[in-house]
Amino acid sequence: MQMQTDLLQEARRQAEICNACRYCEGYCSVFPALHAERAFSDGDLTQLANLCHNCRGCYYACQYTAPHEFDLNLPQALANVRQDSWEELAFPRAAGKAFQKNGVLIAVATVIGFALLFWAARALASGGGVGFYAVLSHNAMVAIFLPAFLFPLVSIAVSLRRYWRHIGAGPFRPAHLIEALRQAANMKNLKGGHGDGCNFEDEDRFTHARRAVHQAVMYGFLLCFAATSTATVMHYIFDMPAPYGLFSLPKLLGLSGGILLVVGCFEMIRLKLRSDRKLGAAGAFGGEVAFIGLLGFTGFSGLALYALGQTSVMPVLLAIHLGAVLTFFLFTPFTKMAHGFYRLTALTADAGRSR
Amino acid sequence: MTSPDIAIIGGGNAALCAAITAAEAGARVLILETAPKPYRGGNSRHTRNFRCMHHGPLGPLVDSYTEEEYLADLMKVTGGKTDEGLARLAIRTSEECLPWMEEHGVRFQPSLSGTLSLARTNAFFLGGGKSLVNAYYLTAGKLGVQVEYEAAVTHLELDDDRVTRIDYTQNGQTHTITPKAVVVASGGFQADTDWLARAWGPAAKNFLIRGTPYNRGVVLADLLDQGIEQVGDPTQCHAVAIDGRAPKFDGGIVTRLDCVPFSIVVNKDAQRFYDEGEDVWPKRYAIWGRLVAAQPDQVGYVIIDAKSLELFMPSVFPPIKADTLEELADQMGLPADALVQTVTEFNKSCGDTSGFHPTELDGVTTTGLTPPKTNWARPITEPPFYGYSLRTGVTFTYLGLKVDETAQCAIGNRPVTNLWAAGETMAGSILGQGYLAGFGMTIGTVFGRIAGKEAAAHANAN
Ligand SMILES: Cc1cc2nc3c(=O)[nH]c(=O)nc-3n(C[C@H](O)[C@H](O)[C@H](O)COP(=O)(O)OP(=O)(O)OC[C@H]3O[C@@H](n4cnc5c(N)ncnc54)[C@H](O)[C@@H]3O)c2cc1C
Ligand code: SF4
Ligand code: SF4
């Protein structure tokens with residue numbers, strides 16, 4: 001794989017300065033890993049970049065930021081390498097290159113997703129199911145979504161394997177994954193090392209806003225995902241097909257998850273708009289915002305479908321919602337969504353390093 | 001602008017501690033900081049810890065560090081040239097500073113990797129001094145303290161024993177304010193290399209200034225010229241040997257070089273001049289600033305070989321590297337024959353190196369060599385060879401304003417009724433010479449708070 005040498009070289013230059021300084025050691029897991037090396041290979045830098053979650057604590061704390069000639073901006077240098085690694089490690093690579101940074105393309109793809117579903121609803125119109133299945137038969141849904149679900153899983157598995165090799169991590173140990181999951185579950189690093197949160201939307205003021213919003217998005221997404229999973233289990237194992245009532249598990253999970261997701265995505269975009277773009281990856285802003293928009297929209301259309309499911313607009317809403325879900329799934333490996341997988345892998349590798 | 005109750009000159013640690021304390025006492029406070037906002041915070045932005053007395057574990061600090069031990073450490077490094085009364089005041093008060101700092105936004109972290117020896121005595125700021133400064137500016141802002149950046153104070157008008165007026169320039173305009181009380185916290189004069197050269201001779205032009213370019217001693221000179229009591233002499237300063245490639249100003253911590261104990265150090269004639277292995281580096285690095293300053297062209301050259309490269313903390317500039325000593329000499333601009341001869345002689349006088357231990361005084365010494373190398377003396381034989389140049393890096397100067405235990409300045413034998421000083425600009429009142437790591441921030445915090453309290457009391461009463 002061929003990551004951009006200028007981005008790596010700039011990250012290396014900055015990492016060497018940090019290694020001589022070490023003042024930021026307590027902020028996050030990047031610094032202890034950084035201070036364990038004397039020289040930084042491309043793989044080392046990629047791993048550091050994926051350990052960084054762009055909290056910006058180390059930027060505002062740094063005595064060497066511009067106009068100082070050392071021109072430190074570690075959050076940006078690492079974001080650039082991280083972004084580049086997601087593009088280069090993507091499988092297929094061309095898709096990563098095309099979509100990661102391109103908000104317009106993500107939006108276009110979403111619209112194509114809608115169109116596809118409209119077409120499917122027409123062409124494969126079901127013969128007599130109830131509720132949603134009246135619009136698109138259960139089998140048609142499975143035919144579309146099973147591959148759309150499996151493809152990203154395979155793609156990400158390939159990417160993570162490439163990542164693991166690239167960073168030269170040792171053998172995989174489940175205990176390290178558990179440690180990584182534990183850290184991710186409470187977003188330990190987003191607390192900023194001191195528990196005051198991170199610097200993001202308001203210069204050097206520490207707040208918990210980003211952590212709270214990210215939690216909302218993550219748990220919102222997981223709840224929605226759990227809703228779909230429980231519905232699948234109920235459908236196949238307990239022979240209880242949709243539609244489900246309000247107090248059924250899929251509905252309760254989906255409703256709470258949907259609300260969390262919509263609010264979280266909305267707030268995340270607001271925070272991003274207030275943040276200083278010079279501390280993020282160059283050119284990635286549009287792609288990130290478009291992705292969060294898509295994620296939030298997926299939640300929103302799901303809620304709309306729930307609210308208006310008994311009305312005549314239901315078929316349209318269903319196509320829109322399923323179109324959004326489809327795009328979201330297919331694009332998981334090639335959008336910001338991939339970061340969760342890389343980050344978990346990076347934390348797992350780091351747990352291995354620090355043992 | 002309507003004049004504030006209290007004007008604070010400077011925008012570093014001492015100034016901020018004074019401003020916060022005064023504002024909490026109800027005074028209207030104005031900070032005049034000559035630096036632009038990105039460079040606010042003077043030398044304080046470069047710091048990493050402060051030295052703190054404590055009984056039992058406190059914050060990030062382990063065990064205990066008593067007043068007597070702290071004072072003994074101070075006496076040792078200053079050779080007894082210490083004002084014991086003020087030193088004890090600073091030491092004793094340091095313990096209550098730590099929780100005060102936390103309350104006002106400062107966060108601490110465990111002692112940094114590579115600095116374990118300080119885990120008991122020095123509390124490290126999470127993110128370093130700039131994050132401390134940022135936290136204090138936020139706190140001060142919440143308390144209503146007003147801050148003017150790029151506001152260079154040029155003159156304090158004295159009427160007998162009172163400051164009546166402050167002049168400062170900002171954006172090319174001159175402003176005058178008439179506060180009730182004034183705190184000077186504008187640091188030493190080290191960034192004015194002409195002043196340094198007047199004291200040290202022309203050699204000082206080759207010194208590098210480790211911290212802010214803004215501490216030029218303008219206010220200090222203005223006050224001393226008007227007869228405010230002075231302390232210390234202009235040659236006394238904290239100076240260390242740093243990488244010769246460091247920028248002239250503001251290079252900060254990353255230009256530090258920790259490799260001297262594992263090296264030989266030569267001057268530009270490729271001659272050794274001091275025992276590189278006299279003691280562990282944290283106890284010796286401060287004397288090397290002066291040692292290098294005394295060499296021709298104020299420059300030194302560190303030579304190590306491959307086996308020592310990984311024994312010290314990496315520094316910001318990579319070493320110069322060569323496969324032979326001759327080549328290394330060429331690259332570093334040293335006379336090759338002389339360097340080879342010096343190394344050969346050194347190597348011959350090395351003995352049994354089996355007891356070599358990089359982190360302890362190992363007694364692995366040279367015999368029959370002048371000057372000797374009394375620890376870590378291993379022959380320099382294994383290519384590639386590495387070299388660094390060394391220059392004198394001035395941290396801060398000690399010549400300053402003499403203050404009493406209320407941080408108040410004096411003229412003749414009388415106090416100036418509305419003038420206080422804190423931090424680097426009065427550190428000479430405590431330190432006559434030498435320096436103890438982390439004491440600068442202790443002095444600034446302790447006396448900044450005292451100055452803020454006293455100034456507020458004065459302003460509130462008048
Ligand atoms: C690289 C480096 C590392 C250090 N590390 C440590 C450490 O770890 N621990 C420690 O205790 N000490 C350390 N020190 C020493 C420490 O920085 C000082 O002792 C301490 O910061 C002094 O604080 P201060 O507020 O008095 O001065 P400063 O922080 O230097 O503040 C002086 C302020 O005055 C302003 N100023 C100057 N002239 C004018 C004027 N005419 N008008 C208006 N404003 C003016 C400056 O811009 C500046 O804001 C270090 C120093 C350096 C250079
Ligand atoms: S970001 Fe700046 S302050 Fe933090 S470790 Fe790196 S060089 Fe030091
Ligand atoms: S931006 Fe935050 S997470 Fe990234 S290196 Fe800096 S402190 Fe660590």
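Here is how names work: the chains are called A, B, and so on, in the same order as the sequence lines, proteins then strands, and each is numbered from 1.
At least one test fails for R205(A) against the ring of Y137(B): distance under 6.0 Å to the centre or angle within 45° of the axis. In this structure, R256(B) fails the cation-pi test against Y285(B), since its NZ or CZ atom is not both closer than 6.0 Å to the six-membered ring centre and inside 45 degrees of the ring normal.
Residue contact with chain B, scored on non-hydrogen atoms closer than 4.5 Å, involves the side chain of F70(A) exclusively. Using a 4.5 Å cut-off between heavy atoms, T47(B) contacts chain A through its backbone alone, with no side-chain atom that close. Proximity to chain A (any heavy atom under 4.5 Å) is restricted, for L309(B), to the backbone atoms N, CA, C and O. For L112(B), the parts lying near chain A are the backbone and the side chain together; criterion is any non-hydrogen pair under 4.5 Å. For a residue to count as touching a neighbouring chain, one of its non-hydrogen atoms must lie under 4.5 Å from one of that chain's; by this rule T212(B) does not touch chain A. Interface residue R48(B): backbone and side-chain heavy atoms are both found under 4.5 Å from chain A. Contacts between C21(A) and chain B at a heavy-atom distance below 4.5 Å involve backbone atoms as well as side-chain atoms. With a 4.5 Å cut-off on non-hydrogen atoms, F125(B) touches chain A through its backbone but not through its side chain. Proximity to chain B (any heavy atom under 4.5 Å) is shown, for C18(A), by neither the backbone nor the side chain. Both the backbone and the side chain of P314(B) come within contact range of chain A, each with at least one heavy atom under 4.5 Å from a heavy atom of that chain. Of the atoms belonging to H194(A), heavy atoms from both backbone and side chain fall under 4.5 Å from chain B.
Of the residues considered (N134(B), V316(B), L132(B)), N134(B) shows the highest number of contacts with chain A, using heavy-atom pairs under 4.5 Å. When the candidates E16(A), R13(A), R22(A), H35(A) are compared by the number of heavy-atom contacts under 4.5 Å with chain B, R22(A) comes out ahead. Put simply, of G251(B), G41(B), G127(B), the one with the most heavy-atom pairs under 4.5 Å next to chain A is G127(B). Top candidate by heavy-atom pairs under 4.5 Å with chain B, chosen from E25(A), Q63(A), R38(A), is R38(A). Taking chain B as the reference chain and counting heavy-atom pairs below 4.5 Å, the highest number among P32(A), G195(A), G26(A), A36(A) is found for G26(A).
Remark: E87(A) engages K101(A) in a salt bridge, criterion side-chain N to carboxylate O under 4.0 Å. Residues R82(A) and E288(A) are not paired through a salt bridge, judged by the lack of any N-O separation under 4.0 Å between the basic side chain and the carboxylate. In summary, D204(A) and R40(B) engage in a salt bridge, as defined by a charged side-chain N under 4.0 Å from a carboxylate O. Under a 4.0 Å N-O distance rule, the pair D42(A)/R12(A) qualifies as a salt bridge.
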Report task. Mind running side-chain hydrogen bond (donor to acceptor under 3.5 Å, both in side chains) on N80(A) and E10(A) for me, showing each step along the way? Result -> CA-CA 10 Å; N80(A) 283 337; E10(A) 176 59 13; over 6 Å; no
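Between H214(A) and H339(A), the ring-plane angle classifies as perpendicular under the 30° and 60° cut-offs.
Atom-to-atom distance recorded for L257(B):CG and R245(B):CZ is 7.5 Å, nearest 0.5 angstrom. Expressed to the nearest 0.5 Å, how far OH of Y64(A) lies from CG of N73(A) amounts to 16.0 Å.
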